[in-house]
Amino acid sequence: MKKIALLGDSIRQIGYGLKVPQLLGADYHVWQPEDNCRYSIYTLRGMHDWRENLVGCDVIHWNNGLWDNCDILGDGIRFTPIDRYVEVMCRIASILKGYSRHVIFATTTPVLDGLGRNDNETTRAYNAAVVPALEAMGIEINDLYSAVEANMDAWIKKEDKVHLTADGIDGCAAIVADKIRAACARLDG
Amino acid sequence: MKKIVLLGDSIRQIGYGLKVPQLLGEEYHVWQPADNCRFAQYTLLGLSLWSEELQGADCIHWNNGLWDTCDRFGDGPFTSYEIYEATMLRIAKLLLAITPKVIFATTTPVTAEKDDNNNARIASYNDRLVPKLKSMGVIINDLFALVEPNLDAYIREDHIHLSEEGIDACAAQVAAVIRKAVESV
């Protein structure tokens, strides 16, 4: 039995996280918090409370970014400025590597035009800043941004411009499950 | 009727915040979130979530620091000082746009038995932040200095939260600082 943990914001909580456990099947035990992991430092703090569920994992798959790169306070500064985002994400990665045999980061997914608080140019900049830093630490990257961007109209809800549709959940869950399965196979190899 | 807002972690939520409304009396309407404001960036997001309640405040009293200074993972403080300062100054700027009467209460000390925090670190965060906040016009309520000489009486057996006596003392000082700020021109 492989021990898997999923951490992430609502793209996981009410998105791919709903389908990944059934896609992985009976040979995988998947734990994920009921809580929305929101932003990077909120996830970091959560890792203290969830430690028991994280230690000894074969694979931890995680995403954070939509809350961090949003402009929610109207003061011209992103909720988590990009340099601090990278710093906290690397700290999360370092701690997760101590908990799990393998760690995968899923890039922050795009939004539909007109959301207001988020825009894809900023998300691309945040992804571009964090991905090389995480790769240098040995974190595997699951590029959900690219997967979703190629299917925006079908995969992102028109009502809220940010969350995954049923098609988007199916598409992202399949990618996440494949990445986890492949990582486990490599660990066994 | 003066509108007062209290923001802060459990030192407020299950501490002085329990007594301040009654100490201020009927001429003050006190709003405070039911939620624990936890760490600096958690409070920062709260400023968006609670924007309606914050609007029109005559005075905002706030504390953050115990969650930020504690070492949860054995790799140093939960929030590095640099991020703490930047976030706290950002909070102060946003609060000062609501009212010129913003009060920051310094982070309170813990007892020596607290294994994931210590007063040298807390004092260091306070000492570096306070001059920056003062220069922005924020009023300082030095709860650290009030509690520190009375640790045995003011701090509970959990080594961090205020005892009944600590709540009474801190609430009295918070209410007095708020009253003075509101009554000043």
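Just so we're on the same page: letters track the sequence lines, and every chain starts at 1. The analysis underlying the following values was restricted to heavy atoms, covering all of them including side chains, and did not include hydrogens, waters or symmetry mates.
Counting heavy-atom pairs closer than 4.5 Å to chain B, the top-ranked of the candidates A:His48, A:Glu87, A:Arg84 is A:His48.
Of the two parts of A:Arg45, the backbone and the side chain both hold a non-hydrogen atom closer than 4.5 Å to a non-hydrogen atom of chain B. With a 4.5 Å cut-off on non-hydrogen atoms, B:Leu94 touches chain A through its side chain but not through its backbone. Proximity to chain A involves both the backbone and the side chain of B:Phe78, based on heavy atoms less than 4.5 angstrom apart. At a 4.5 Å heavy-atom cutoff, A:Ser94 makes no contact with chain B through either its backbone or its side chain. Proximity to chain B is limited to the side chain of A:Ile95, based on heavy atoms less than 4.5 angstrom apart.
Atoms CD1 and CG, from B:Ile83 and A:Asp83 in turn, are 8.0 Å apart once rounded to the nearest 0.5 Å. Here the OG-CG distance, from B:Ser48 to A:Leu73, works out to 5.5 Å after rounding to the nearest 0.5 Å. How far CD1 of A:Ile41 is from CG of B:Leu44: 11.0 Å, rounded to the nearest 0.5 Å.
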Quiz item: Does the side chain to side chain contact (heavy atoms under 4.5 Å, CB included) test come out yes or no for A:Trp67 and B:Leu45, once each step is laid out?
Solution: CA-CA 10 Å; A:Trp67 286 57; B:Leu45 183 67; 3.4 Å; yes
Quiz prompt | CA sep, side-chain torsions, deciding dist, call: A:Tyr42, B:Gln41, side chain to side chain contact (heavy atoms under 4.5 Å, CB included) | solution = CA-CA 8 Å; A:Tyr42 188 90; B:Gln41 195 161 348; over 6 Å; no
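Residue-level contacts of residues 96-129 of chain A with chain B, in order of numbering, are A:Tyr99; threshold 4.5 Å between heavy atoms.
When side chains are defined from C-beta on, B:Phe73 counts as touching A:Met47, because their heavy atoms get closer than 4.5 Å. With contacts defined as side-chain heavy-atom distances shorter than 4.5 Å, the pair A:Pro81/B:Arg90 qualifies.
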Cut-off 3.5 Å, no hydrogens considered: what does the side-chain donor-acceptor table look like for residues 16-26 of chain B, sequence neighbours left out?
| from | atom 1 | to | atom 2 | distance (Å) |
| --- | --- | --- | --- | --- |
| B:Tyr16 | OH | B:Asn63 | OD1 | 2.7 |
| B:Lys19 | NZ | B:Asp168 | OD1 | 2.6 |

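A salt bridge between B:Asp75 and A:Arg91 is present, with a side-chain N of the basic residue lying under 4.0 Å from a carboxylate O of the acidic one.
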